[in-house]
Amino acid sequence: MADLPPKETAFIDWYLAVVEAADLSDKRYPVKGMNVWPAYGFRARRNLDRILIRETEASGAEAVEFPALIPATEFAKEKEHIKGFDAEVYWVTKGGLTDLDIPLVLRPTSETAIYPIFAVWVRSHRDLPLNVYQIVNTFRYETKTTRPFLRVREIHFFEEHTCQANEAHATERVGSNLAAFRRMAEAFALPYLPVRRPEWDKFPGAFYSIALDCPVGEARTLQLGSIHHYRENFSRPYEIRYEAADGSQQYVHQTTFGLSERLLGAIVAVHGDGKGAVFPSAIAPYQVVVIPIPGSDAGEAPLRTAGEVADRLARHGLRVHLDGGDERPGAKYYRWEQAGVPLRLEVGRREAESRSLTSVDRLGTKGRVAIDRLEHEVPERLLDFDRALRARAHAAFVESFSVAGSLDELAGSTRVRVVSWCGSEACGHRIETAIDGALLGTPEEPLPIPLGAPGPCVACGASADPRWAVAGRPL
RNA sequence: GGGACUGUGGGGUAGCUUGGUCCAUCCUUCGGGGUUCGGGACUCCGAGACGCCAGUUCAAAUCUGGCCAGUCCCA
């Protein structure tokens, strides 16, 4: 088996090799950017979705589902929005052999599918807040190179859409989305930074956009998702109004929260290593793999014991896989490490006789697990593993930021840079040119490195109203 | 939108300059047999490819043209 390219010096080659070796996505489907979910990758995606669903519903939203096709007339109602998406939508212009009188857009995102119906659903202040989400596929005609999970044309998309009574309530919803994402990221063991995007880079039609950015090394960042405050920007063109308690008609203030399978890409990118993928236990397709080690002198005991172990763990609710194949144990170790399984249990003659298993987690920590206390000890090992994984990721996260005191320092940077910025677009663009990337925006939460008060703007030197901003190179 | 480059089994490749020695090399993968089994086993047998369409030629993976797909750089 060929070794993986080095993650440090050939990141994207490494990433693609891991995705393929771990059987997470099959990119051989003959449409660019539209990939197949094989069984193993699909398990990871389903586990990921479960967490999104759990945390979103805990934050007070309900699942709905809207159609995939949007009439051109509805799509065109919000002018910034259509301008932002025009170049990347797929059109359905024919029904059978007949040209459609109103062409249909295959949703690139669902605002314009949902909001005409919101206008019907929302009549009274008693209908508010209206918090709904859907997990559906959306389509964007990407022209750049596509990458499994990171940049695709058919997106497995989570989108929450809400209507609130006023701007303050909408701002609160943004806060509860941030809190929900914090809990999701805990399960993914992914460190991230919420960043308010600069004006020129916000979502088309938004009042403001908060991106959830995750550093992945070499100054590169991945946007994991985004939360938008729309104010009345959509409710006015779509006429989403309600009658307030005082009898007046008011436009709702809206928010959205979007995530995608890019989260899976981030999990691979952040946690993976020279051996392959590394899954946090909440996402892992298999949390535990049990490997029997036959041996010439061992008889049936290892296989029988391995079966017992796997059965009991499965009954206990763990995702466990018994690898009883003909390969030698070493080959299995390599394969399951590549596939990112958090915990491996080995069962040979010694283990069968002593009723005590050898455990090795994906970060290399070895231990023993008493078979009599399986149901207690295995979950404990998984918790230890998750903790260690989180600590490793957090250490890398802290390492990935550093302050830059001048534009010159930005060139060729291998970190995400924190700069003092006056807030002007002109200076923002100068910063972007200097780092050959993007001014990601202003952090919404404290940065993981010690910072004093911001000094004069790195671009223009003005000292009026400076703020810390982060600049990087989006992947 | 402009330019450069690339397409060989499931994955990765050799061959292309100078057409023939190629019913296409090697690694991996896959199916089957045997010996094995505490960190990528060995061995035997077998499967599987020249992006598509034309053209040149006695002869095309190799040369020419068009198309398709992809990658990178620039706007």
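In what follows, every heavy atom counts, from backbone to side chain, and hydrogens, waters and symmetry copies are set aside. Letters A, B, ... mirror the listed sequences (proteins, then strands); counts begin at 1.
- For the pair A:Arg350 and B:G38, the criterion of a side-chain N or O lying under 4.0 Å from OP1 or OP2 is not met.
- Residue-level contact check: A:Gly348 touches the bases, meaning some heavy atom is under 4.0 Å from a base atom.
- Nucleotide B:A69 holds its P atom 18 Å from the NZ atom of A:Lys27, rounded to whole Å.
- Remark: A:Glu300 does not engage A:Arg304 in a salt bridge, criterion side-chain N to carboxylate O under 4.0 Å.
- Among B:U71, B:C37, B:G39, the nucleotide with an atom closest to any side-chain atom of A:Lys32 is B:U71.
- Base pairing analysis places B:G31 opposite B:C45; the two distances defining the Watson-Crick or G-U wobble pair are each below 3.5 Å.
- Comparing the P positions of B:U6 and B:G51 gives a spacing of 13 Å, expressed to the nearest Å.
- Rounded to whole Å, the distance from CZ on A:Arg151 to C1' on B:G70 is 15 Å.
- Across all strands shown, B:C26 forms a Watson-Crick or G-U wobble pair with B:G12, both key distances being under 3.5 Å.
- Using bins of under 30°, 30° to 60° and over 60° for the plane-to-plane angle, the ring pair A:His429/A:Trp200 lands in the tilted bin.
- Spacing of P atoms, B:G20 relative to B:A75, comes out at 43 Å, to the nearest Å.
- Judged by distance alone, with hydrogens and angles left aside, A:Glu327 brings no side-chain donor or acceptor close enough to the base of B:G39 to form a pair under 3.5 Å.
- Within 4.0 Å (heavy atoms only), A:Lys332 reaches no atom of the nucleic acid at all.
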Any chance you could lay out the ring pair (Phe, Tyr, Trp, His ring centres under 6.0 Å) test for A:Tyr286 and A:Tyr40, step after step, and finish with the verdict? CA-CA 9 Å; A:Tyr286 299 129; A:Tyr40 192 75; 5.7 Å; yes
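- Of all nucleotides present, none satisfies the Watson-Crick or G-U wobble test against B:G40 with each distance under 3.5 Å.
- Here the side chain of A:Glu351 is nearest to one of B:C37, B:G40, B:G38, namely B:G38.
- A:Asp13 places its CG atom 17 Å from the P atom of B:G11, with the value rounded to the nearest Å.
- Classification of the A:Phe234-A:His81 ring pair by plane angle, with boundaries at 30° and 60°, yields perpendicular.
- Under the stacking criterion of a centre-to-centre distance below 5.5 angstrom and an interplanar angle below 30°, A:Tyr334 sits stacked against the six-membered ring of B:G40.
- Within 3.5 Å, a donor on the side chain of A:Arg344 pairs with an acceptor on the base of B:G39, or the reverse.
- B:G70 is paired with B:C5 under the criterion used here, namely a Watson-Crick or G-U wobble arrangement in which both key atom distances are under 3.5 Å.
- Here the separation of B:C50 from B:G12, taken at their C1' atoms, is 16 Å to the nearest Å.
- Using P as the reference atom, B:G9 and B:A14 are 13 Å apart when rounded to the nearest Å.
- Atom name P, nucleotides B:U56 and B:C16: the rounded distance is 26 Å, in whole Å.
- What separates CG of A:Asp436 from P of B:C74 is a distance of 8 Å, to the nearest Å.
- More than 12 heavy-atom neighbours from other residues, nucleotides or ligands sit within 6.0 angstrom of CZ on A:Phe207.
- A:Glu20 has its CD atom 5 Å from the C1' atom of B:G11, to the nearest Å.
- Using C1' as the reference atom, B:G55 and B:U62 are 15 Å apart when rounded to the nearest Å.
- You'll find the side chain of A:His271 stays beyond 4.5 Å of the side chain of A:Arg362, heavy atoms only.
- Between A:Leu16 atom CG and B:U71 atom C1' the separation is 12 Å, expressed in whole Å.
- In this structure B:A75 sits in no base pair that meets the Watson-Crick or G-U test at under 3.5 Å.
- Counting non-hydrogen atoms under 4.0 angstrom, A:Thr143 reaches nothing in the nucleic acid.
- Projected onto RNA chain B by closest heavy-atom contact, A:Thr146 and A:Lys366 fall at different nucleotides, the more 5' of which corresponds to A:Lys366.
- B:C22 sits 12 Å from B:A60 when the C1' atoms are compared, rounded to a whole Å.
- In this structure, B:A59 forms no base pair with any nucleotide, since neither Watson-Crick nor G-U wobble geometry is met with both distances under 3.5 Å.
- Atoms CG (A:Asp26) and P (B:U29) sit 17 Å apart, rounded to a whole Å.
- Taking the C1' atoms as reference points, B:A54 lies 14 Å from B:C68, given to the whole Å.
- We find that CD of A:Glu346 is positioned 9 Å from P of B:G39, with the value rounded to whole Å.
- No more than 12 heavy atoms of other residues, nucleotides or ligands lie within 6.0 Å of CD in A:Glu199, so this atom counts as exposed by the packing criterion.
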